[in-house]
Number of protein chains: 2
Amino acid sequence: MEGALRDAGVRITRQRRVLLRVLAEAEDHPDANELHRRAHALDPGLSLATVYRTLSVLEEAGVIDRHAFEGKPARFETSDRPHHDHLIDLETGAVIEFRSEKIERLQAEIAAELGYDIVHHRLELYGRRRKGKAGGNTPR
Amino acid sequence: MEGALRDAGVRITRQRRVLLRVLAEAEDHPDANELHRRAHALDPGLSLATVYRTLSVLEEAGVIDRHAFEGKPARFETSDRPHHDHLIDLETGAVIEFRSEKIERLQAEIAAELGYDIVHHRLELYGRRRKGKAGGNTPR
DNA sequence: CTTCTTGTTGCAAATAGTTCTCAACTGCAT
DNA sequence: ATGCAGTTGAGAACTATTTGCAACAAGAAG
């Protein structure tokens, strides 16, 4: 992966290596601040400004995705994982991933009807946990 | 409309009346700053802070919708128009509105499965016009 | 391995959008 | 007309992100 970046003309610095590692190990969708906290633990003296700058570089190189959810700070994730959409918990800010073959297909159909081929799309559901009648899985 | 707001416990002040008018007359999707400029023209001494506060109140009352596009400032529009999603033409930048009952339903189903109720969602398709076989309808 | 060039970094200050603080003011129910 | 809770203006405060600049380091060249 570093090789690919170097080939893309991106210098591999100590701080970038740390950031890449933190991103690779992240199971969630951390924002710049959280990434800084984690990276800073491995390498004190890695500044927040560098985190931001590196994130932009990595995004441009296509190795990470930036998700700008509703006003809140941008969140990042490596782009090596299969496509999925997001459900954002409006109360906790938690991000839940999901994927629906049906929706993917419908989107393509709709685009086709309008005379288009989809290059990519963005689907975000914003909701809150069901109260009243049970229903969800993951019980609190 | 003011009546509905008053019934919802929202006081109708001079500045709110102006804002409502500006919003009603807006054909586009202005952001807070632009709304302030327009409202300020009708009523100098209407502060930006009030614009923001009023927008929040109106959003909560359900009379306007807030759209947060890609990090950019939030844009607003009256919610009296039917819901729709967007298909963005990557080549021309054209924005096509569409609505799919099926997708709406699927989204609700998916959220329900995850134990959530959807408050709202954002669906944007990015694509390019079909080449080869004809296809499109609405030629521009 | 040393040198050189150019990209990169840290820090602090700058931006941009939005929210908050607080004293003065005003709908509107009575 | 009166009272009080809700609202306002002005500016400070906040949050997320970017930028200016001098010191610094990656990696190509020798």
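Only this structure's heavy atoms are used, side chains among them; waters, hydrogens and symmetry mates stay out. Just so it is clear: chains get the letters A, B, ... in the order the sequence lines come, proteins before strands, and each one is counted from 1.
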Salt-bridge present ([X], [Y]; N to O < 4.0 Å):
X         : Y         : value
Arg130(A) : Asp117(B) : yes
Asp43(A)  : Arg14(A)  : yes
Glu97(A)  : Arg81(A)  : yes
Arg99(A)  : Glu101(A) : yes

Aromatic centroids of Phe69(A) and His86(A) separated by under 6.0 Å: yes
Review item, nucleotides 27-30 of chain D N/O atoms under 3.5 Å of protein N/O:
unit_1	atom_1	unit_2	atom_2	d
dG27(D)	OP1	Ile12(A)	N	3.2

Does Asp89(A) form a salt bridge (charged side-chain N to carboxylate O under 4.0 Å, His left out) with Lys72(A)? I'd like the steps, not just the answer. CA-CA 12 Å; Asp89(A) 186 317; Lys72(A) 299 184 180 60; over 6 Å; no
Within the structure, does a side-chain N or O atom of Gln15(A) lie under 4.0 Å from either OP1 or OP2 of dG10(C)? yes
Arg14(A) side chain near dA26(D) phosphate (N/O to OP1/OP2, under 4.0 Å): no
Side-chain donor or acceptor of Arg53(B) under 3.5 Å from a matching atom on the base of dG9(D)? yes
Quick check on contacts: within residues 34-47 of chain A, what sits under 4.0 Å from DNA chain C by heavy-atom distance? Gly45(A), Leu46(A), Ser47(A)
Taking side chain to side chain contact (heavy atoms under 4.5 Å, CB included) as the criterion, tell me which of Arg21(A), Gln15(A), Arg17(A) meets it with Leu42(A). Arg21(A)
Tell me the interatomic distance from Leu48(A), atom CG, to dA14(C), atom C1', rounded to whole angstroms. 15 Å
Selected nucleotide, minimal atom distance to Tyr52(A) side chain, candidates dT8(D), dT18(D), dG10(C): dT18(D)
